[in-house]
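Here's the structure, in structure tokens; my notes come after.
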There are 2 protein chains.
Amino acid sequence: MRVSNLHTVELDGIDKIILEALMENSKTSISKIAKQVGVSSTAIHQRIKKLENANIIGDTVTLLNYKALGYKTTAYVGVFLEKSVYYKDAINDMLKIPEIIEAYFTTGNYTIFIKILCKDNDHLMSVLRNGIQEIKGIERTETIISLEQSISRQIKP
Amino acid sequence: MRVSNLHTVELDGIDKIILEALMENSKTSISKIAKQVGVSSTAIHQRIKKLENANIIGDTVTLLNYKALGYKTTAYVGVFLEKSVYYKDAINDMLKIPEIIEAYFTTGNYTIFIKILCKDNDHLMSVLRNGIQEIKGIERTETIISLEQSISRQIKP
DNA sequence: CCTGAAATTGCTACGGT
DNA sequence: ACCGTAGCAATTTCAGG
């Protein structure tokens, strides 16, 4: 890894192999990566520390299989706000709705764009009617329901 | 954890503590969870194995900090297909565009709805013009650019 | 479903090239 | 920047209540 004077970072081949292994499985053992690359475990360990310090490696999380827990409906909702001033309050209200798992402030048609995870369509309707559309400043919403997720991945470093 | 005869799953309090700890940090040590709950490491280990076998625990991944790697633009693109028949081929073509990190088959206005990660707006324009809009069967697209991500989380079990 | 002990594996610090 | 060693901590297996 090389850090230029303009805050950009150059990863070499070994860094990329490390990152790809950890992206796929955060529990990949250092020794396994070391064997694959052909250097010592210590070297890999030192590189990982550097990548962590450079803030390139972020969180390590366990993803739950929500379908197994009964969450089978994913939807996106475009939110039209009366005035952008309501943005902060709207986000605060949205934080209280656990089904909202992502929210973005956006350009274009919508002011706020959110991702929702629900058990089924009835649950989604209830979240929309009794949750989201009750939030102050929301004019109207447009809902996009996902029938199938076809791609889900990270970008390779 | 209890599995009813209708394929639904009941998690007890200990399961939920385990899952929440691992969701936040997949590297949380078993022994730490064990101390918090007040049982042996072995018991926690066995429960984790069960949750894995029940497919409730999914992947454990390391998230990269894409901003540190120069990726600063997130966008969503709604895709209008001429005919739904083109869906499979379109997804196959999209798999070849690494900037596309999520894709959904959806109801509503759009046929396909995708999430894109780019370095900057020029990069985004290039992906749209030279990548996505070249795919066979795509009539037109609508782009929503995220200015700020305000919420990002998982649902609690 | 739990425990405790033993075996295994992996992490991390240190000294050196 | 990398290596080897060695001590330590954690995971995982096993026998048993």
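Since we're looking at a predicted model, the values are computed, not measured. The chains referred to below are lettered A, B, ... by the order of the sequence lines, with proteins before strands, and numbering in each begins at 1.
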Tell me, do B:Asp89 and B:Lys136 make a side-chain contact under 4.5 Å, heavy atoms counted?
->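 The answer is no, as the side chains (C-beta and beyond) never meet within the 4.5 Å cut-off.
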Do other residues, nucleotides or ligands put more than 12 heavy atoms under 6.0 Å from the NZ atom of B:Lys32?
->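 No.
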Residues, nucleotides or ligands: over 12 heavy atoms within 6.0 Å of A:Glu82 CD =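 It does: A:Glu82 CD has more than 12 such atoms within range.
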List for me each residue that meets ring-ring contact (aromatic ring centres under 6.0 Å, His included) alongside B:Tyr110, sequence neighbours excluded, and say none if there are none.
->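 If we apply the ring-ring contact (aromatic ring centres under 6.0 Å, His included) test to B:Tyr110, skipping adjacent residues, the hits are B:Phe80, B:Phe113.
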Please state how far atom [atom1] in [X] lies from atom [atom2] in [N], giving the value in whole angstrom units.
X	N	atom1	atom2	answer
B:Ile18	D:dT11	CD1	C1'	15 Å
B:Leu22	D:dT11	CG	C1'	13 Å
B:Arg47	D:dT11	CZ	P	17 Å
B:Lys49	D:dT11	NZ	C1'	9 Å

For residues B:Thr74 and B:Tyr66, is any side-chain donor paired with an opposing acceptor at under 3.5 Å?
->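 No, no side-chain donor-acceptor pair sits under 3.5 Å.
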Under 3.5 Å, which protein N or O atoms sit close to an N or O of nucleotides 15-17 of chain D? Give each pair with its distance.
none

Donor-acceptor under 3.5 Å ([X] side chain, [Y] main chain):
X	Y	result
A:Thr28	A:Ala21	yes
A:Thr111	A:Leu81	yes
A:Ser26	A:Thr60	no

Strictly under 3.5 Å: I want the nitrogen or oxygen pairs between protein and nucleotides 8-11 of chain C, one per line.
residue, atom, partner, partner atom, Å
C:dC11, OP2, A:Ile30, N, 3.3

